[in-house]
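Below: one structure, written as structure tokens.
Remember, it's 1-based here, ligands and their atoms both numbered in the order they're listed.
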Amino acid sequence: MIDLNRYHPHPTRPAFQAPAGAVDAHCHVFGPGDVFPYAPQRKYTPGDAPKEALFELRDLLGFARNVIVQASCHGSDNAAMIDALVAAGDKARGIAVVEHDVSALQLAEMHAAGVRGVRFNFLKRLVDATPREHYVQIAEKTIPLGWHIVIYFEAPELEDLTPFITSLPATVVIDHMGRPDVDLGLEHPQWKRFIALMDEHPNLWVKVRCPERLSKIGPPYEHVVPFGRALVERYPDRVLWGTDWPHPNMTTHMPDDGKLVDFIPRIATTKALQEQLLVRNPMRLYWPEEQ
Ligand code: 0GY
């Protein structure tokens, strides 16, 4: 029986060979809970997914680097994520979750460890609502550091969130293709609204990932392909890809990360697009000093 609260125990080595220097730009570490306790206000308790397992997966998948995103189950205590960044050396960058009263010293320490952005999470099933003014205060403190903002919402909330998203004077990375309902298709106003937003605001980037969450059918996620491909081809210099390991809150299946990697050439169909998606774009955003 597959345990949906634990990452895939035996991911396959992908058939697709990622280009040298590829970055998994969306993954997490969970705990271990006895060292890095989960937040009291969390909405779910994951199985532990420690940094060592993440680094092993990175190597198995043929990737060179990770961007580790603070997950809601750790609240704004970034200790597990920072510990993983430090252990990874220059092979990882981080996205933190911070409170509005975070100090300049705390931010400087995070920056030194490799944090390069903050995440604003609008999913009610994951977090309690944060006052909008708090997000504004966080943005005012972090954008001057050169950090960007990662936003997680679901497509029906986009209309309400648009004034806020477009007011942010920084690079804004939208998680998981804006979480469209893929059954509605590419011609539906929901998807067109997202495309119009991306068209009008060149500071917006998007993660072209998460077929395992967007699909109600499961692998091989055929009906998610047109959405990912549309974004990669329209915004080749503003797309990122990530595994989302260890895949919290999956209800249908636990994805094999090797198979998720094999999804990449179906949405990025040329070597040039793959190089942009997996190397050039994430390096520009997270390791600009190496460019
Ligand atoms: C993801 C997606 C989810 C969870 C979180 O912070 C989180 O807990 O992001 C989800 O449940 O959709 O990106 O890991």
If the plane angle is over 60° it's perpendicular, under 30° parallel, otherwise tilted; pick one for Phe30 and Tyr38. perpendicular
Within 45° of the axis and under 6.0 Å from the centre of the six-membered ring of Phe164, does NZ or CZ of Arg132 qualify? yes
Please list, chain by chain and in numerical order, all residues satisfying side chain to side chain donor-acceptor pair (under 3.5 Å) with Asp262, sequence neighbours excluded. none
Please list, chain by chain and in numerical order, all residues satisfying side chain to side chain donor-acceptor pair (under 3.5 Å) with Asp128, sequence neighbours excluded. Lys43
Pocket residues around ligand 1 (non-hydrogen, under 4.0 Å) come out as His26, His28, Tyr44, Ala71, Ser72, Arg119, Asn121, Arg125, Leu126, Tyr152, His176, Arg179, Arg213, Asp244, Pro248, Asn249
His247 vs Asp257, side chain to side chain donor-acceptor pair (under 3.5 Å): CA-CA, chis, key distance, verdict: CA-CA 10 Å; His247 311 287; Asp257 297 275; 2.6 Å; yes
Taken in chain and number order and not counting sequence neighbours, the residues that satisfy ring pair (Phe, Tyr, Trp, His ring centres under 6.0 Å) with His188 are none
